[in-house]
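Each remark here refers to the structure printed beneath this line.
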Amino acid sequence: MTTAPDTYNYDPTAPADRRQSGGVTGWASRYVDERTGISYVVKEFGRKIFPDHWSFMLGEVALYSFVIILLTGTFLTFFFQASMAQVTYDGSYGPLKGLDMSAAMQSALHISFEIRGGLLIRQVHHWAALLFVASIGLHMLRIFFTGAFRKPRELNWTIGFVLFILAMAEGFTGYSLPDDLLSGNGLRIIAGMVQGIPFVGSWIEWLVFGGQFPGTAIVGRLYTLHILLLPAAVLAFIALHLVFVVTHKHTQYAGPGRTNDNVIGYPILPVYAAKAGGFFFIVFGVVMLMGAFFTINPIWTYGPYDPSPVSAGTQPDWYIGFADGALRLMPGWLGGPGGIPMEFTILNTTYSLNILIPVLVLGLFIVVVMAYPFIEAWITGDKREHHIADRPRNMPGRTAVGAAGVTFYAVLWAAASSDLIATHFMLSIESVITILQFSLFLAPVLAYFVTKRICLALQKKDRQIVLHGYESGRIVRLPGGEYIEVHEPVDEYERWKLVSFNEYEPLMIRPNAAGRIPVTERARAVVSRWFFEDRIEPVSSTELEVAHHH
Amino acid sequence: MANDDSKDLLPLDGHTTVRDPGTAVERSDALLNPGMPPHRLRVTDTDPRAARRAERVVVLLFYISLIGSIFAMTSYFAFPIKPNDLGSVRLNNVFIGLGLAFALLAIGIAAVHWAKVLMADQEGIDIRHPVHGDVQTQARAVEIFRTADRESGFNRRVLIRNGMIAAIAALPFPAIFLFRDLAPAAGTPAEAYSHTMWKAGTRLTKDPTGDPILASDVTIGSVFHVIPDGLLTAPDMLEEKGKAAVLLMRLEPGVLHVSPARKDWNYDGIVAYSKICTHVGCPVALYEQQTHHLLCPCHQSQFDITREAAVIFGPAVRPLPQLPITVDSEGYLVARSDFHEPVGPSFWERRGDYSA
Ligand code: HEM
Ligand code: FES
């Protein structure tokens with residue numbers, strides 16, 4: 001392969017005096033280098049090329065929200081008291097005056113109502129947390145639908161997925177800290193679920209809460225997780241994640257000049273650094289605006305935790321919704337009360353399937369998503385490195401599976417608002433739940449088929465465009481009297497985007513050396529057929545020539 | 001540097017090669033990459049006036065940011081928080097936030113604009129190399145592991161190896177033991193869940209005031225949120241309340257189906273049920289008077305009070321436990337005993353034979 005002269009690299013053949021000069025920049029760089037040897041790093045990475053695309057910014061948003069979270073969270077720690085000691089509220093929020101609450105709740109109210117800018121920082125912290133999880137989720141979808149998880153990036157997908165889980169854990173522990181009515185109820189639900197695990201459940205709950213729920217220990221313990229253990233883990237995994245991004249170099253979309261062996265874009269210094277650095281301030285600014293104008297988690301309207309009162313229609317933070325939805329959709333009695341109970345006792349011990357099944361289903365879902373890169377690699381048997389991101393339409397099987405997964409998640413998520421859906425659409429809660437229960441199984445299947453059809457249709461359209469050009473919208477009348485629409489041919493750069501994609505055919509199984517076909521290969525053939533049976537080939541040069549002669 | 005394909009194709013483990021394409025189709029007549037399109041110049045590259053204008057915009061944005069910071073600091077004092085004045089909290093919040101938001105956004109927009117219109121926009125090319133080390137390096141790594149194995153006898157002296165694995169595997173267990181005292185040394189969860197503050201003769205009192213309830217005050221159709229007498233001063237108030245909270249209501253005569261074993265658990269149509277959901281423990285606090293259904297707001301389990309709180313919908317399986325009640329000599333409602341079964345969510349040690 002030929003390489004264009006690399007204009008970005010340091011030129012060792014330059015005259016010595018030029019290398020010695022360089023003004024203040026030169027002096028400062030040399031000063032630092034002679035004490036750290038860092039010039040090697042600058043040489044390697046300073047002009048590293050980074051491809052540009054809006055969808056590559058989702059991961060950046062996640063990173064920046066985490067930085068915002070660290071900054072604001074640290075401010076909060078200076079005032080927050082992670083203690084469940086009971087105090088009588090005597091702050092400036094009138095309606096709660098004289099009420100008993102924990103010191104944690106009181107300090108969160110103190111941050112909100114007496115510390116200048118405290119409410120702002122609390123709200124920015126919470127909004128940034130919501131954005132953090134959301135951007136990780138979207139980032140993950142981007143990686144999935146463009147196949148950016150393929151070799152050599154499978155491990156980094158797993159690392160990223162661990163980050164997603166850690167982020168949810170961070171969010172949940174943080175949400176529980178102020179010890180208000182809503183967060184207490186969230187903990188109550190978790191405690192109840194943990195209790196339902198066979199053999200060890202009640203003991204785990206007993207140890208975690210330091211005795212009976214709610215006890216006086218949990219906020220302090222969650223605080224240690226929230227500000228020490230989990231952030232350290234997030235930080236470590238982010239570092240690992242980014243090391244891999246640098247090692248693998250970023251994927252790029254197919255385009256003229258872009259190949260599997262190069263990466264085209266802007267150098268880190270200065271363009272990429274300016275854009276990415278600027279983008280950090282933009283994200284921070286937007287979150288700041290949200291903190292300034294939109295109330296989030298107004299704990300003073302919920303009041304302190306008390307096991308007795310509740311309010312209907314309360315919602316957990318959005319990312320916990322899918323788990324809450326799973327609990328709601330699991331019927332206690334299959335076939336209605338009087339049917340098969342989802343909880344029974346054997347030998348005087350209780351097994352609660354109504355809790356275990358949702359937990360196991362979610363666990364399985366998580367494991368499948370986490371293992372997806374390995375599953376797809378097994379199906380295709382493709383051992384090559386892939387650095388060109390797919391357009392989702394060009395992998396209809398994967399895209400359809402992804403759409404099914406997203407739909408499954410979406411139904412669970414909707415179920416967490418079943419009561420709100422019922423009141424909003426004036427349906428009974430029973431019918432909403434029943435509809436969602438059926439949807440949980442049927443909607444993903446439907447999404448699968450619809451998405452696959454759409455992908456194939458889009459691929460066909462791409463072929464049309466490559467072979468016969470764009471419909472220009474211009475109608476001309478031919479001398480013979482008939483009307484035709486003029487097709488504008490695509491230029492070769494545009495065409496390349498439409499024809500350069502990977503294509504797989506279903507696996508043909510052949511007996512191995514021993515003359516047998518192993519079961520795993522049979523299974524692989526079935527899945528492979530399911531994935532790649534319907535496929536559209538990219539336009540070849542032969543076809544293009546034929547089309548042009550018409 | 002181009003990567004050397006022939007080296008890449010060397011078999012690594014006998015039957016696969018590094019670049020086995022699997023079931024991918026590789027066709028000979030595929031269209032070819034046309035290469036980079038010609039570079040297009042921006043207005044700011046060709047028109048010095050446009051470049052100067054862009055420069056002024058960037059400078060202006062940085063100054064707007066400065067003003068934003070000053071505005072935020074001024075707001076800190078200009079909009080103080082006054083005691084007992086929520087409006088002042090809001091103003092403080094909005095104006096400090098607005099100043100900071102301007103300060104941040106302006107820096108961000110300035111930097112991005114600067115990069116887009118003024119910095120060099122020639123795209124650069126980096127060459128990718130396969131992630132793995134070259135074949136010699138890889139082979140050397142394998143060889144090092146083999147040598148280490150040979151020199152230590154790791155796979156040969158199996159007893160040593162297994163002993164080491166066993167020793168290391170056992171180490172986490174003492175660590176787990178250290179966590180035992182996360183919970184009090186005395187008692188077990190099953191014991192704690194199995195009884196509440198209710199005892200024979202404990203008065204039913206109103207939540208949250210703690211006033212006792214006269215049976216005659218409980219009219220048909222009314223609902224009371226109830227806690228045991230003495231709860232408000234109990235040392236573990238929240239823990240006890242989390243188990244002992246009760247809902248009390250009186251139903252019209254005739255609608256209540258009472259099983260023989262529970263015939264004296266209600267008092268004149270007044271019944272008391274645990275308020276702690278048998279699903280995962282939320283307070284079941286929504287009562288529909290016409291249907292006599294209790295609804296749990298957490299996951300919408302519904303319980304039918306006319307049929308001893310049997311589940312009629314939702315993820316809960318078990319009925320809410322009933323608190324047997326009667327009246328004392330002064331006419332106040334009191335408990336006949338504690339609940340006859342553990343209240344709240346299920347747990348593994350929960351038995352299957354609690355009487356009626
Ligand atoms: C990835 C990370 C994190 C997420 C998703 C997260 C999320 C949250 C959430 C949702 C809350 C409830 C806020 C509220 O009151 O509305 C919270 C509270 C809190 N967080 Fe974080 N957090 C993260 C990291 C941190 C870090 C690193 C620190 C400290 C160094 C921190 C310190 C705090 C404190 C002190 C509170 C309680 C303050 C209050 O409730 O007013 N957090 N967090
Ligand atoms: S806690 Fe009552 S339905 Fe889940």
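In what follows, chains are A, B, ... by sequence order, proteins preceding strands, each numbered from 1. The structure displayed is predicted, hence computed values, not measured ones.
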One option among A:Glu543, A:Glu537, A:Met193 has the most heavy-atom pairs under 4.5 Å with chain B, and it is A:Glu537
If every non-hydrogen atom of B:Cys296 is compared with every non-hydrogen atom of B:Val284, which pair is closest and at what distance? N-CG1, 3.9 Å
When you check the gap from the basic side-chain N to the acidic O, do A:Glu343 and B:Arg350 get nearer than 4.0 Å? no
What part of A:Pro152 gets closer than 4.5 Å to chain B, counting heavy atoms only: side chain, backbone, both or neither? side chain
Identify which part of B:Gln300 has an atom lying under 4.5 Å from any heavy atom of chain A, answering side chain, backbone, both or neither. side chain
Of the listed residues (A:Gln86, A:Glu205, A:Arg495), which shares the most heavy-atom pairs with chain B below a 4.5 Å separation? A:Glu205
Name the one of A:Phe279, A:Phe50, A:Tyr266 that satisfies ring-ring contact (aromatic ring centres under 6.0 Å, His included) with A:Tyr272? A:Phe50
Within the 3.5 Å criterion, strictly below it, is a donor on B:His225 or B:Lys275 matched to an acceptor on the partner's side chain? yes
Using non-hydrogen atoms only, which part of B:Lys82 is less than 4.5 Å away from chain A: side chain, backbone, both, or neither? neither
Would you mind checking which part of A:Ile197 comes under 4.5 Å of any heavy atom in chain B, side chain (CB onward), backbone (N, CA, C, O), both or neither? backbone
Do you know which of B:Ala190, B:Ala192, B:Ala285 has the most heavy-atom pairs under 4.5 Å to chain A? B:Ala192
Among the listed options B:Leu86, B:Asn84, B:Ile96, B:Asn33, the residue most often paired with chain A at heavy-atom distances under 4.5 Å: B:Asn33
Can we say B:Arg128 and A:Glu385 salt-bridge, meaning some charged N sits less than 4.0 Å from an Asp/Glu carboxylate O? no
For B:Leu182 and A:Leu207, the nearest pair of non-hydrogen atoms, with its separation, is CB-O, 3.3 Å
With chain B, which of A:Ser92, A:Gly211, A:Gly381 has the greatest number of heavy-atom pairs at distances under 4.5 Å? A:Ser92
Check each atom of A:Ser500 against the heavy atoms of chain B and say whether the ones under 4.5 Å are side chain, backbone, both or neither. neither
Which residues satisfy the side chain to side chain contact (heavy atoms under 4.5 Å, CB included) test with A:Leu119, sequence neighbours excluded? A:Ser112, A:Arg122, A:Gln123, A:Trp300, B:Val89, B:Asn93
Need one label for A:Val124: side chain, backbone, both or neither, based on atoms under 4.5 Å from any heavy atom in chain B. neither
With a 4.5 angstrom heavy-atom cut-off, is it the side chain or the backbone of B:Phe79 that approaches chain A, or both, or neither? neither
Residue part contacting chain B, namely of A:Phe213, when any heavy atom lies under 4.5 Å: backbone
Has B:Arg180 got more than 12 heavy atoms of other residues, nucleotides or ligands less than 6.0 Å from its CZ? yes
Answer yes or no: are there more than 12 heavy-atom neighbours, outside B:Arg90 itself, under 6.0 Å from its atom CZ? no
Sort out for me which of A:Gln212, A:Gln195, A:Met288 touches chain B most, counting heavy-atom pairs under 4.5 Å. A:Gln195
If I measure from the heavy atoms of chain A, does B:Lys241 come under 4.5 Å with its side chain, its backbone, both, or neither? both
So which of A:Asp382, A:Val499, A:Thr345, A:Ile355 has the biggest tally of heavy-atom pairs under 4.5 Å with chain B? A:Asp382
Out of B:Pro315, B:Ala72, B:Ala316, which one racks up the most heavy-atom pairs below 4.5 Å with chain A? B:Pro315
Determine whether the interatomic SG-SG distance for B:Cys298 and B:Cys282 falls below 2.5 angstrom. yes
So which atom in B:Ser65 and which in B:Ile107 form the shortest heavy-atom distance, rounded to 0.1 Å? OG-CG1, 3.2 Å
Can you tell me which of B:Ile312, B:Asp181, B:Asp29, B:Val112 forms the most heavy-atom pairs within a distance under 4.5 Å of chain A? B:Asp29
Between B:Ile81, B:Asp207, B:Val311, B:Val25, who has the most heavy-atom pairs with chain A when the cutoff is under 4.5 Å? B:Val25
Measure B:His279 against the heavy atoms of chain A and call it side chain, backbone, both or neither at under 4.5 Å. both
Between B:Ala186 and chain A, with a heavy-atom cut-off of 4.5 Å, which part of the residue counts as in contact: side chain, backbone, both or neither? backbone
Side chain, backbone, both or neither of A:Leu353 within contact of chain B (heavy atoms, under 4.5 Å): neither
Give, as side chain, backbone, both or neither, the part of A:Arg258 having an atom under 4.5 angstrom from any heavy atom of chain B. both
Do you know which of A:Asp52, A:Thr247, A:Asn260 has the most heavy-atom pairs with chain B at a distance under 4.5 angstrom? A:Asn260
Please determine whether side-chain hydrogen bond (donor to acceptor under 3.5 Å, both in side chains) holds for the pair A:Asp324 and B:His299, giving the CA-CA distance in whole Å, both sets of side-chain angles, and the decisive distance to 0.1 Å. CA-CA 8 Å; A:Asp324 196 49; B:His299 313 104; 3.0 Å; yes
Okay, B:Leu32 and chain A: the region with an atom under 4.5 Å from a heavy atom over there is backbone
Where on A:Lys97 is there a heavy atom nearer than 4.5 Å to chain B: the side chain, the backbone, both, or neither? side chain
Tell me if the CZ atom of B:Phe313 is crowded by more than 12 foreign heavy atoms within 6.0 Å. yes
With a 3.5 Å cut-off and no angle check, do the side chains of A:Ser540 and B:Arg27 form a donor-acceptor pair? no
Hey, does the Lys NZ or Arg CZ of A:Arg535 hover above the aromatic six-ring of A:Tyr504, less than 6.0 Å from the centre and inside 45° of the axis? no
Structural part of A:Ser418 lying under 4.5 Å from a heavy atom of chain B: side chain
Between B:Pro189, B:Ala183, B:Ala120, B:Gly22, which residue shows the highest count of heavy-atom pairs closer than 4.5 Å to chain A? B:Pro189
Does atom CH2 (B:Trp114) have a neighbourhood of more than 12 heavy atoms from anything else shown, all under 6.0 Å? no
